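The model shown is predicted, which means the values in this text are computed figures rather than measured ones. Each ligand, and each atom within it, is numbered from 1 in the order the structure gives.
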Amino acid sequence: MSNTDGIHRIGILTGGGDCPGLNAVIRAVTKTAINRHGLEVWGIEDGFLGLIRNRMHRLAGEDVSNILTQGGTILGTSNKANPARFATAVDGEGNPIFEDVTPRVLEHVAERHLDAIVCIGGDGTMTCAADLARRGVRCVGVPKTIDNDLMHTEITFGFQTAVTTATEALDRIHTTASSHHRVMVVEIMGRNAGWLALHSGVAAGADVILIPEIPFELDAVCEVCRERSRRGKAFTILVVSEGAKPKGGQQVVERVIKTSPDPIRLGGIAPVLCRRIEDETGLESRATILGHVQRGGTPVPVDRVLGTMFGHKALDLLLNGRHNELVVMQQAKLTSVPLESVAGKQRLVPADHPLLEAARAVGTSFGD
Ligand code: F6P
């Protein structure tokens with residue numbers, strides 16, 4: 001057993017939207033902590049909600065055996081639980097009343113004798129973790145999200161699985177598009193970042209890819225469809241990121257979840273765009289929203305490997321006194337950055353990204 005820097009019992013939580021590979025991290029942290037360092041590991045249920053409500057249970061090695069290939073998270077998750085701004089009641093008009101319940105969280109951390117917490121999540125989870133760290137709780141972060149939009153890391157686990165799922169769906173759309181000579185508009189997740197749409201669109205050979213970072217012109221998009229039709233290519237595959245918007249226009253909001261720290265849920269641009277294209281071009285069009293299917297299922301091998309490496313590194317940081325940092329991948333090497341530096345930020349596709357240039361060179365339109 002090793003020197004554990006005064007850490008005997010750790011908590012682990014998964015926050016925000018789930019994604020494939022979470023269980024690989026939970027397994028890596030738990031097995032390494034127990035087998036290598038003789039620590040106790042406590043699984044906190046449903047992200048920060050478990051800390052607010054004092055819901056957690058001890059994890060044994062057998063609890064994390066056989067979970068490497070499972071999608072989702074065995075701990076559960078929530079994207080409505082920021083302790084610093086937690087909805088505890090509603091006012092007369094049905095609006096939530098927020099309260100800072102961090103003191104309650106600190107009590108539970110002390111009561112359960114948690115010496116440190118591994119927080120697996122995206123920018124929202126890291127905001128909560130950074131806040132707890134400021135109030136004296138030793139935290140370390142592990143970056144997850146299918147959106148791949150966390151600052152300072154070139155990859156988050158879950159992204160490659162989502163790219164694979166979206167690409168497989170686009171390949172299927174391709175055959176039906178070509179049989180029916182239609183314009184197929186496929187909506188991909190990603191919030192304000194176009195990574196998932198860009199990668200799956202390029203992988204599937206989409207004719208048009210619309211991402212939030214490049215506002216599009218409807219006329220340019222319609223012209224691609226018409227031009228393909230004139231050239232005898234009687235179908236078009238159009239991938240649209242849920243956060244894409246026309247030049248001078250707005251994103252399409254699917255719903256506003258008032259109790260969520262990140263209340264806006266984007267979605268619904270595909271049917272809107274599909275109708276506009278059909279009206280403008282006279283070409284028969286159909287819309288598909290891939291939705292949460294992109295977040296589910298078995299992680300691809302690369303995400304299992306990343307999850308294992310990230311989990312191992314998180315523990316390594318904690319036990320070497322490097323608290324309040326996030327594990328990141330930079331230039332294909334594992335390293336770490338302060339939690340503060342990623343909290344509440346999003347990494348977008350830069351205008352000079354080489355994949356944009358490569359896609360344009362093979363004839364892909366970005367609608368600009
Ligand atoms: O951040 C991951 C993500 O799947 C986004 O791509 C999407 O906009 C959002 O979560 C959907 O959130 P919810 O699970 O609340 O529907």
For atom 2 (C) of ligand 1, what is the closest protein heavy atom, and at what distance to 0.1 Å?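 Scanning the protein heavy atoms, the shortest distance from atom 2 (C) of ligand 1 goes to D147 OD2, 3.3 Å.
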Name the closest protein heavy atom to atom 15 (O) of ligand 1, giving the residue it belongs to and the distance to 0.1 Å.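 Ranking protein heavy atoms by distance from atom 15 (O) of ligand 1, first comes R265 NE, 2.6 Å.
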So between E254, R295, R191, whose heavy atom ends up nearest atom 11 (C) of ligand 1?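 Shortest heavy-atom distance from atom 11 (C) of ligand 1: R295.
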Given M189, H292, R255, E242, which has its nearest heavy atom closest to atom 8 (O) of ligand 1?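 Closest candidate by heavy-atom distance is E242.
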Any nitrogen or oxygen of T145, main chain or side chain, under 3.5 Å from a nitrogen or oxygen of ligand 1?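 In fact, backbone or side chain, T145 has no N or O that close.
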Please check whether G190 reaches ligand 1 - meaning an N/O of the residue sits under 3.5 Å from an N/O of the ligand, judged on distance alone.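 Min N/O separation from ligand 1 is below 3.5 Å for G190.
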Only heavy atoms of N79, strictly under 4.0 Å: list the atoms of ligand 1 that pass.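 In order of numbering, the contacting atoms are 14 (O), 15 (O).
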Distance only, no hydrogens: is a donor on one side chain within 3.5 Å (strictly under) of an acceptor on the other, for Q251 and N192?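 Indeed, the side chains of Q251 and N192 share at least one donor-acceptor pair under 3.5 Å.
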Would [X] and [Y] pass as an ion pair if we require N to O under 4.0 Å?
{"X": "E254", "Y": "R265", "value": "no"}
{"X": "R53", "Y": "D46", "value": "no"}
{"X": "R295", "Y": "D18", "value": "yes"}
{"X": "R226", "Y": "E223", "value": "yes"}

Under the ring-ring contact (aromatic ring centres under 6.0 Å, His included) rule, what do H353 and W195 come out as? Steps first, then yes or no, please. CA-CA 11 Å; H353 194 277; W195 297 108; 5.2 Å; yes
